[in-house]
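Below is one structure, written out as structure tokens, with a few remarks after it.
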Amino acid sequence: MKVGKEVLELSDVTVRFAGDSGDGMQLTGTQFTNTTALVGNDLSTLPDYPAEIRAPVGTTYGVSGFQLHFSSSDIQTPGDSPDILVAMNPAALKVNVKDLKHNAAIIININSFDARNLKLAGYDTNPLEDGSLEGYNVVQVPLSQQTSKALEDSGLSAKEISRCKNFFALGMMYWLYSRPIEPTLKWIKDKFKDTPLLAAANEKALLAGYYFGENTELFTTRYQVEPAKLPKGIYRNISGNEALAIGFVTASVKSGLPLFLGSYPITPASDILHELSKHKNFGVRTFQAEDEIAAITSAIGAAFSGALAITTTSGPGVALKTEAIGLAVMTELPLIIIDVQRGGPSTGLPTKTEQSDLQQAINGRNGEAPVVVIAACTPADCFNMALEAARLATKYMVPVLYLSDGYIANGSEPWKIPEPDSIPGIEVKFRTEKEGFAPYMRDENLARPWAIPGTAGLEHRIGGLEKSNVSGNVSYDPENHEFMVRLRAQKVKNIENDIPELEVTGDIDADVLVIGWGGTYGSITEAVSRARRNGGRVAQAHFKYLNPFPKNTGEVLNKYKHIICAELNMGQLAKFLKSEYLVDIDSFTKIQGLPFKSSEIEKKIETVIGGYSK
Amino acid sequence: MPKEKEVQNLSEVTVRFAGDSGDGMQLTGSQFSDTTALMGNDLSTLPDYPAEIRAPIGTVYGVSGFQLHFSSSDIHTPGDRPDILVAMNPAAIKKNISELKPGAMIIANIDSFDRKNLQLAKYETNPLEDSSLEGYEVYPVPIGSLTAKALQGTSLSPKEVSRCKNFFALGLMYWLFDRQVDQTVSWIQKKFAKKPEFIEANTNALLAGYNYGENTELFNTRYNVEPAKLPKGTYRSISGNEATALGFLAASVKSKLPLFLGSYPITPASEILQYLSNYKNFGVKTLQAEDEIAGITSAIGAAFAGNLAITTTSGPGLALKTEAIGLALMTELPIVIVDVQRGGPSTGLPTKTEQADLLQAVYGRNGEAPVAVLAASTPSDCFNMAIEASRLAIKYMTPVILLTDGYLANGSEPWKIPHANELPDIPVKFRTEKEGFAPYLRDGNLSRPWVKPGTPGLEHRIGGLEKANISGAVSYDPENHNLMINLRAQKVKNMVNDIPDLTVDGDMEGDILVLGWGGTYGAIKEAVIKAREAGYNVSQAHLKYINPLPKNTEYVLKGFKNVLIPEINLGQLSKIIRSEFLIPVKQLNIVRGLPFRVSDIENKIKEVLGGIA
Amino acid sequence: MADQIIETKEIKLTAKDFATDQDVRWCPGCGDYSILAQVQRSFPDLVGIKKENIVWISGIGCSSRFPYYMNTYGFHSIHGRAPAIATGVKVSRPELSVWVAAGDGDLLSIGGNHFIHACRKNVDLKVLLFNNRIYGLTKGQYSPTSEKGKITKTSPYGSVDYPFNPAALALGSNATFVARSLDRDTKHLQEMIRRAAAHKGLAFLEIFQNCSIFNDGAFDILTDKKTKDDNVLVLEHGKPMLFGANKDKGIIMDGAKPKAVEIGEGKHRIEDVLVHDEFDESPLLATLLAHMTDDPSMPTPIGVFRQVTKSTYDGDVEEQITSVTSKKGEGDLEKVLFTGSTWEVN
Amino acid sequence: MIDNQPKENSQEKIKYTAKDFTSSQDVRWCPGCGDYSILAQVQRTSPDLGFKKENVVWVSGIGCSSRFPYYMDTYGIHGIHGRAPAIATGVKVNNPNLDVWVATGDGDLLSIGGNHFIHACRRNVDIKILLFNNKIYGLTKGQYSPTSEKGKKTKSTPFGSVDFPFNPLSLALGAEATFVARSLDRDPKHLQAIIKRASEHAGTAFIEIYQNCNIFNDGAFELYTEKDTKPDNVVFLEHGKPMIFGKNQDKGIKLEGLNPKVVDLANGEASVNDLWIHDEFDESPARAFILAQFTENENMPLPVGVFRQIKRSTYDKDFHEQIERIKKVKGEGDLKKLLFAGNMWTVN
């Protein structure tokens, strides 16, 4: 007898799926996200991969997690702490329980709470019995058993059946949050079209989970999150790495330049290589080189011969490419180096996020070797900054260092897809005119001409040695060297007139300004809006251009009595701003391989403002 | 009958020898400076190598120069502008004329001013005949033919005879500046021991040059520079690269650790590898690796194996080693990385000097990767800083970057040789005690234990991944990562209590403090002296530790209305000072691939003080 | 896409057309002068290659000044990276004719990894190794091809390094064209340059080059008139391997090992002499030839050791792009942007 | 001068067990990975390789197999990608008493580490290099590697790779390695024997071990490890023995000039004494090169065992002998003499 379930309206929810690497939590999370997006909620996701690929089943370092924050209003982060945890085994509970809100719901796959799994998870006593889960609203679901019951006659082996339990969990969550199951059913049909048995089994498990939610007494309430009021348009859910990849394909089309990617596999940037390898029909050439240095130097070769040349890597890769970036500076070629930052230093924490490569990006080369440095601030923004990087590199004939990070690279959010013809063209013109050509003559932007091999009459040589302006012949002349050092610096400085000014939002005339750069945009924006909602007066500004800084930066900073700079490093942007503008900065830093919680930043704002003037 | 020549006393002279790469100007210059040092003058030298090894004879880009500044008082730079140029061919004049003092003397080897050589030097007309050398004291000397005449009857070929003309020029200069010839005569004996006919030829050429000075009417004055009053002790002339090599050798002896150098040939640092490869009998191991990265990583292997491990390179090499320096700091192993800076960026100007690798050294790695950064201030100071870098690396179990530059590396100066027993021991304690051992245990300085593989019972693994404090096991734990980041940073900061405070020459307060670092010490010192002589009250301070900065740095800087920082880059130390202490600074940035001229700094001091006395 | 290169009337170029206005700055007596001259003399008759489509790439070292003296597109890059940069040029612009000039330090020391990978992939590049068995630019350190025991500034007591055998290393990396020539044998060097140019795929040409300052005379025995006939084996396809002033010595197989023997009555028969086969699919004969330099009793072979054809890396990349494009249709930005599950907000 | 090698204490040989070489760390490879078996064989053979446990140093780069040092209770460095052979050279040259082993994967050794590998072989540094060849990138989740077969479909080559792969053994022989061998992760006995032979070799010992990656390249070597196909597809090389293989040992390899051929021994096509007798110690690398090329043509079986082992002085030994020799000639280094040298003058 189905008992009438009460439906509760929620403004926003944070869900976390966690289980063994083999339990398919990333797949379950992604499906729930896509369906939630279709329903029209605003959302933000944060996968939490373990370092191992497949750690032994049931161990804590093998736990793979996927967090999703969805809401009926505009949200910026994947949520500080989950309202509900789906734990497929004891290890998942052990790893995640400390992050949950204190009264969070925990859906437990009771079938896996046997002695062996408890021991593997490092539990001496069973948490379900020893009172340690006091205060949490624990729901014990016989998930494995229900799944195998539903798939009794599916013709699959016991192991294959057990692998379908994630769809059961998904179905149950769809019921719990009134989500439609059709999108996932369609996806299963397409995904498992060559293995009909598996397709049927997964469908059955999904439905079984959904009906279980409906019929069981375990759940008394059901939840509902209204669609958010997003600007009109067509949306898709996109991760940072994916947005960056198609951003560069777009830049290739918009500039008429063939895209060349020289890359080498490195976590967390490899997905860009994977994505771009698919787009051969755009003439995209992806070259997996023998090492990081060959990756960037092959891209330099492609830039010299007229391609839109990019190289993608993470912190350790940028370290290896330092010498070659110097060569790109000296040869003044349009090359884009993408650094998806990760926990450092050295090999550091490959699957964790951090923002500690800024100083390396701006200062990390021998000699005076200025490079344009920009940073994307959200997963979708990675698309826009790809176009911006291509525009600046080709217009000023200068290498551009594009900073992303593991958090926005793997996290995803709804993206309002721009119409192709609404995207501005990137005007590129190769020099073909023989008359008066010299490899280092300058246009009004101090850019030298891009004369590509194959153009008759413009044969010339470039290289890493200092050269005389205009002619480009090797020169050791002292005066010329000084002239060229200052010219290369001026060319980058001039770009401040071609990038947007630093925009201040919130209470512009407040005393306190909160600033940040790159991937912290979401957490800071949420913290500031919450602080203002609670009566605090605070302004906010976010940096996407780190070298050169926007022209009005000094002017903006000097307007505020107290500047809080929130960064996932030991204060690298703060150091630059102090050096550049001699303005005092209150560095608020966190270096734990994790993104900021907006509550952490909000607490900092509160202490600085001295409690809210209610 | 030789006329009695008037002898004029000078307090200081700047001489420049210039000629074709094959003319042996470097040899002539270093002989002249060795003799000058023997006679007790204070001196400073600056070789000016061309980029090519042997450019075609007579061309301007093939000109090789050697400048020597010597004096009866304490001097610190190779001199802004030469008082006298010895030019072996037209190209030598073409290249150097613009840098001579107005009214300078030019001794020109007239024999080589023929049509071919004038054309090669891009002279339309002969400068010795057209009035272009107006205002200079030109002495045309037929060095070539005089040498040939002096060596008549020798068994040498005409080509070999012509190669002796640099000894003739040297002899002439010995006479002109009242220097003894015997030091060079004995050197020739040793150098050409295996070829007696060369001993005879070079000695004759030397003496012929000397006697020519004596007898010719061309020169009517002779010059003399009194010995300088230097502190008591035994001296030798030494270059920066050689001092660096000896410093690490001394550190190896004083720490009782065998020295391992992993390196790769790169201008201008190759000499250090070459010097150290001679000292096998000190147990020194020099590995010329297949590339720069193998250079540092083999050194990291050697550090792990319990040695004093160093790697030497220049700017581009430091760039290539960035990732491996990160590994050294994560595994907390003692290693010294020597960067002999050169003109940059990228391949830049290999044979020229610059100070533009400072920000790379301090900040240039992925992640929060703090490394100690030291800088030598004079050629002989490279010896002390090599020992200091080794001491800090070992004591704090951390990589240390030692910055020198092309000017210090190749320039030389008199060096008061320290006695071996005066040098302090470097304590090293390898952990052998099994009880309670853990690879990332911390001592008072936050240093982890150094265990030599081969020690029974202390087997352990280290690597580039973040690890748990104490146990060293790989750890992804957020709190631990935060702890280790701060701990690695604190360890470098702790060195502040173990390095000397910043000393000030002059008052502790005033209108202006001239703050420099690295190889600009000599030029700043002389400029400050000149400014004081002109009545200005100027204080000077020089940084040899840049990360961490000495603990009294802010206190010192706050004492002055103006802090002037002269640097051969676009203001890298200035950026660090501004971001650390929020103090406005005045900058003097000249990036010409050459050391500062004393006059540039002197004029800037006066300008900052508004030209008021 | 980039504009098409317009067809011009085929005018015959001369060596002068390939010279630049830069004055050449190698040391007098350096072997590089002769190599530059032979390249400039042989390039005019390279079939079907337009001058503007030629790109010279070099690393760091004396020989790496080469591009400055060739009036083509050139790139003087960083130490050891020329093969990687050249791969970038070739893969992005397959119609260009890409040449690499590198010394033994540049190509085999710091550049070793990029060299063996370029060979493995069979990228259509022409790699000229200026092998003078010493570091010239940094003034006289030993290189990976210097003989063991070599005394230099960094091995004052003799080096303890076994050297590479460059041809053997190339063959070990499956190179499809391996040849050797001498800087002073101008006719042979021109012929080898032409053969390398004609080869489709990676062509590796080792050139013994005299460094007159730091390793003078290293190859005199192979270039001096008096000694060269008895010490140089000039390989020609299909011809027996004979050498010596009057071709009276030859190479025979003694089991799996080659041996140099006298030919004539009472000695070995001409029929037993090994016949050279440049196009042998298996690299084994070429490996034996390569290892002859390890054995002082054997002559030094010059000429084409091996030439086999297989698809080139850049060719396959191009072909894959065209095949995928034909299957999936020209890239449509609209489609790419609006793929995956999208939803409408109105 | 200072001898930093720990003194050889003379107490009797301590008997180790595999357990002694097992560290406390729990192993984090994917269940079913070939690395487990290689770790086990190394731990089983180490006790009787005659070295002292404290003298063993394992060096690795980056990749799944490079986690190896964490699981061996010896000294170990988990270095940076591709640099293990260079780090190991530094360790060995410094302390020749140490037994230095390198654990590395096909990406780590042959892609980013190619240069350091060929130079280590060229120099004949006395280090043992174990190549865990699974023909795929594991840690970064499934890109193709320099040993993946041409046309391999992976995440970074969705349309099949256009790369011709390296033949690791030909490359090692081209770089003149003095000990070149191959074994299989799933043939414990053979792998143990080869590890022992490598340990005894003075100089660079290179072992290619076919290792199954069950997540991204499962079954790549099934032909050579499954019971029913192994006998017909693998030929075990033994010095001085003719090359015979096949289920009932009825097939052999004959060498005609430079071309190897498979011959049938059962139908009288050839007899045992026409077969190629394997000679591990042949000075000329030609025959080893022919064996290495077997994998390039599919009707030849896979040779496993020691392809070539030749005696050559090792880099580290020459290095040390030179130092000792010069110490004798010039006397121990004296800092005072060092400093007070060249032309000096005194001021008093």
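Numbered from 1 within each chain, the chains take letters A, B, ... in sequence-line order. Bear in mind the structure is a predicted one, so any value in this text is a computation, not a measurement.
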Problem set entry | Choice from B/V284, B/L287, B/D291 maximising heavy atom contacts with chain D below 4.5 Å | B/D291

Exercise. For B/G283 and D/K327, which heavy atoms make the closest approach, and how far apart are they?
Worked result: N-CE, 3.9 Å

For this session: Please round to the nearest 0.5 Å and tell me the distance separating atom CD1 of D/I62 and atom CG of B/L465.
Result: 6.0 Å

Problem set entry | Euclidean distance, D/I77 CD1 relative to B/L333 CG, rounded to 0.5 Å | 7.0 Å

Exercise. Should D/I87 and B/L327 count as side-chain neighbours, where that means a heavy-atom distance under 4.5 Å?
Worked result: yes

Problem set entry | Most chain B-contacting option - heavy-atom pairs closer than 4.5 Å, from D/V91, D/T89, D/T74 | D/T74

For this session: Would you mind checking which part of D/Y70 comes under 4.5 Å of any heavy atom in chain B, side chain (CB onward), backbone (N, CA, C, O), both or neither?
Result: both

Seminar exercise, completed: Under 4.5 Å to a heavy atom of chain D? For B/A309 that would be neither

Problem set entry | Separation between OG1 of B/T331 and NE2 of D/H78, rounded to the nearest 0.5 Å | 12.0 Å

Problem set entry | Proximal component of B/P439, with respect to chain D [non-hydrogen, under 4.5 Å] | neither

For this session: Counting only heavy atoms closer than 4.5 Å, note whether B/A299 contacts chain D via side chain, backbone, both or neither.
Result: neither

Exercise. What residue, out of B/I300, B/I293, B/N421, has the most heavy-atom pairs lying under 4.5 Å from chain D?
Worked result: B/I293

Exercise. Looking at D/G76, D/S24, D/G90, D/S66, which one has more heavy-atom pairs under 4.5 Å with chain B than the rest?
Worked result: D/G76

Problem set entry | Side chain, backbone, both or neither of D/R123 within contact of chain B (heavy atoms, under 4.5 Å) | side chain

Problem set entry | Interchain contact, B/L458 with chain D, by part (heavy-atom threshold 4.5 Å) | both

Exercise. After noting the C-alpha distance and the side-chain angles of D/I326 and B/Y279, does the key distance pass the side-chain contact (heavy atoms from CB on, under 4.5 Å) rule?
Worked result: CA-CA 9 Å; D/I326 290 146; B/Y279 296 112; over 6 Å; no

Problem set entry | Option that, when pairs with chain B are counted at under 4.5 Å, heavy atom only, ranks first among D/M72, D/E324, D/H81 | D/M72

Exercise. Which atom names give the shortest non-hydrogen contact between B/P453 and D/L98, and what distance separates them?
Worked result: O-CD2, 3.8 Å

Exercise. Side chain, backbone, both or neither: which part of B/T286 has an atom under 4.5 Å from a heavy atom of chain D?
Worked result: backbone

Exercise. What closest approach, in Å, do D/I323 and B/K285 show between heavy atoms, and which atom pair accounts for it?
Worked result: CD1-CG, 3.8 Å

Exercise. Where does D/V57 contact chain B at under 4.5 Å (heavy atoms): side chain, backbone, both or neither?
Worked result: side chain

Seminar exercise, completed: Rounded to the nearest 0.5 Å, the NE2 atom of D/H116 sits from the OG atom of B/S298 at a distance of 9.5 Å

Exercise. Can you say whether B/A303 sits under 4.5 Å from chain D via the side chain, the backbone, both, or neither, judging by heavy atoms?
Worked result: neither

Exercise. Please walk me through it: do B/T455 and D/Y75 pass side-chain contact (heavy atoms from CB on, under 4.5 Å)?
Worked result: CA-CA 9 Å; B/T455 318; D/Y75 285 95; 3.4 Å; yes

Exercise. Do B/F260 and D/V93 touch side chain to side chain, with heavy atoms closer than 4.5 Å?
Worked result: yes

